[in-house]
J.: 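Below is a structure I'd like to ask you about.
Numbered from 1 within each chain, the chains take letters A, B, ... in sequence-line order. We use all heavy atoms of the structure for the numbers below, so side chains are in, but hydrogens, waters and symmetry mates are not.
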Amino acid sequence: MEIIDILLSASFWAAAIRIASPLIFATLGELICERAGVLNLGIEGIMVAGAFAGWMAVYSGTGLWIGVGTAMLVGMLFGLLHSTLTVPFGLSQHVVGLGVTLLATSATYYAYRLALPEVTSPPKIQAFQPWDIPLLSDIPLLGPALFSQTPFTYLAFILVLVVSLVLYRTPLGLAVRAAGENPAAVAAQGLSVTAIRMGAVIIGSGFMAMGGAFLTMSAFDSFFFEMVNGRGWICIALVVFGSWKPGKALLGAVLFAAFDALQIRVQQTSLAADIPYQIFLMMPYILSILALVLMSRRAQVPAALMVPFNKGER
Amino acid sequence: MRLEPIENPTLARKLVPPALAIIATVVITALLAMIAGANPFSVLGLIVKGAFGSKFALLETLNRATPLIFTGLAVAVAFRAKFWNIGAEAQLYAGALITVLLGTGALAWPSFAILPTLAILSILAGAILLLIPALLKTRFGVDEVVTTLLFNFIFLLFISMLLEGPLKDPMGMGWPKSARVLPEARLPRIIDGLRLHWGFALAIMSAIIVWVIQARTTLGYEMRAVGLNRQAAAFAGIPVNLVLIKTALLSGGLAALAGFSEVAGLKGSLTLDLSPGFGYTGIIVAMLALLNPLAVIMAALFVAGIFVGADSMSRAADVPTYLADIMLATALLLMVLAIMLTRFRIVRG
């Protein structure tokens, strides 16, 4: 009964959407990379870097949106590094991706320690505040859940729409998808596979960093170590779960976040009295693996994912 | 630009790019030390001195290298077959868990019996833990990168649960810490008076055994073939899925030995900070060693030296220890690039 009460409360769904937001940004980012044929395992570290860069910008006095832009820019720089090594040089996407994650994470922690050497508890910023959309936010249940969020969350949903439109309705989107399916055909059209793939990784990495920034600038208001805590890896699972389609990935992220929000709430009820809290914390990761198992057979992997393209080579 | 394979690389071709990668790594580290307001030369000097400058430092480095040799081997074995085991961290804890489960009193045997038993059961535990992602890959086609990564989080939470529950040491003053293993279940020191345990020797032996497997056995040949080209290997009649599963068992077992050696050799008990990311660092070790099991020993000593050196540098020069992690990540990325450049030349067009 308690679970039904939870599922019918608006605050539960509001929390689910809030938890989904960073995942939506980062999943979209990974999706763009993979659609162009590049697996980006730098995602976890890029989210850490984005979380810190956005927060640090605001902490040093810029506006919130400038902070979001800063995070995106830092993410794009790591995307440039990743794509330079994996696309024209064709190095192992696994090794480079993990290397970028290590580099981004350690560089972030180094920067944090240098910028704030003395702090014991992390300082706070004035984060994004919820922003009620007139009329819509008055709808029962749906209103508070969907239309009483921060502008950063609205941006996540807008971005899903934009990415879908660009990917499926524009020549650019066609080129990106073709680079991931049949790069030789793209080259035959006189387009540069290298440029398309690098562009996709750079933009995608920017989105990943925004996902990280959401954590420090909207979900919470400070930066701390281990903050991203595997969310990047979960987003890679979400891309598979969403069969590389933005709409389905959004659905997956919300579904996943709903489960996460549910476990947090069940932890506080009498149902959880005898269950160690670690079991609940494991749920998101176990769920991700189950989702992968369920979807992997049906998944339509981009045909040229992880296949380097060298012009003139057959 | 385009890459063109070089037929007969000259000696300079083979040496210059890796040398440049090392120089660039050192320069970047020095620049970062300057950003932190320290003298770059003294920072680099302090790292080298802190790692190799005294008997104490050297022993510390050897101790730190021990788990890295195991995890580096685990990664090297797996990556050679292009089986992306990123879960050495979880497998390490699986070995540590078995060691404290059975070593704290369940098996009250003399050393010569209990130590090999613990080691073998640790290997089994790590192998079984990696068997799950391996089977998910061969049966359902689930990508092992994500599953092994997620397993790290799941397994660490599992350990945390045990350490706050059934495994908690009643004498532990409330800390989430297991009881200590029996004296019989401790790996003795190699030489009396020197703080270096038999885990190090076991690591060296493991490296030699893995080298023999890779260079001298059918399995080693099959693993390489599967890594080079899965389709071609299948076409040549190699049972690809079976080879992947054997690779996973070997890799998981090696990583678990790191946990066994850390508990039985160094720490004596299990805590949540038993490994400061040895599993992940193993990836750097393996890549720097170009996946060669014997070179893993050298790479592990180098990486351990950087960490130990950075610890003492950080205390002396007030530069955050994360400098060591940046240095290693940079070395990793530049080295894979450099190795590629020893075999390909860049041509325009």
J.: I'd like to know which of B/L157, B/L156, B/D325 tops the heavy-atom pair count under 4.5 Å against chain A.
T.: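 Top option by heavy-atom pairs under 4.5 Å: B/L157.
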
J.: Show, in sequence, the C-alpha distance, side-chain angles and deciding distance for A/Y285 and B/F153, and conclude whether the ring pair (Phe, Tyr, Trp, His ring centres under 6.0 Å) test is met.
T.: CA-CA 7 Å; A/Y285 307 111; B/F153 292 87; 4.9 Å; yes

J.: Among the options B/I154, B/V146, B/I284, pick out the one with the most heavy-atom pairs lying under 4.5 Å from chain A.
T.: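 Of the options given, most contacts go to B/I154.
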
J.: Heavy atoms only, distances under 4.5 angstrom: which of A/I286, A/T108, A/L91, A/T105 has the most pairs with chain B? Name it, please.
T.: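 The residue among A/I286, A/T108, A/L91, A/T105 with the greatest pair count is A/L91.
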
J.: Using non-hydrogen atoms and a 4.5 Å limit, figure out which bit of B/V145 sits close to chain A: side chain, backbone, both or neither.
T.: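 Interface part for B/V145: side chain.
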
J.: Relative to chain B, which segment of A/L85 carries a heavy atom at a distance below 4.5 Å: side chain, backbone, both, or neither?
T.: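 Just the side chain, heavy atoms under 4.5 Å.
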
J.: Could you tell me whether B/R13 atom CZ has more than 12 heavy atoms of other residues or ligands within 6.0 Å of it?
T.: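 Check passes, neighbour count above 12.
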
J.: Looking only at the aromatic ring of each residue, does the gap between the centers of B/Y322 and A/Y110 stay below 6.0 angstrom?
T.: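 Ring centres of B/Y322 and A/Y110 not closer than 6.0 Å.
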
J.: Between A/F223 and A/F52, does the ring centre distance come in under 6.0 Å?
T.: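 Close enough - the centres of the two rings lie under 6.0 Å apart.
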
J.: Determine the option with the most heavy-atom pairs under 4.5 angstrom with chain B, choosing from A/A237, A/P117, A/S106, A/S288.
T.: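 Counting heavy-atom pairs under 4.5 Å, the top option is A/S106.
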
J.: Picking from B/L323, B/T147, B/I283, B/V336, which has the most non-hydrogen pairs under 4.5 angstrom with chain A?
T.: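 Greatest number of close heavy-atom pairs with chain A: B/L323.
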
J.: Would you check if the distance from the ring center of A/F259 to the ring center of A/F256 is below 6.0 Å?
T.: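 No, the ring of A/F259 stays outside the 6.0 Å limit from the ring of A/F256, centre to centre.
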
J.: Would the number of heavy atoms belonging to other residues, nucleotides or ligands and lying under 6.0 Å from CZ of B/F140 be above 12?
T.: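 12 or below, so no.
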
J.: Against chain A, label B/L332 side chain, backbone, both or neither, depending on which of its atoms sit under 4.5 Å from a heavy atom there.
T.: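 For B/L332, the side chain is the part near chain A, not the backbone.
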
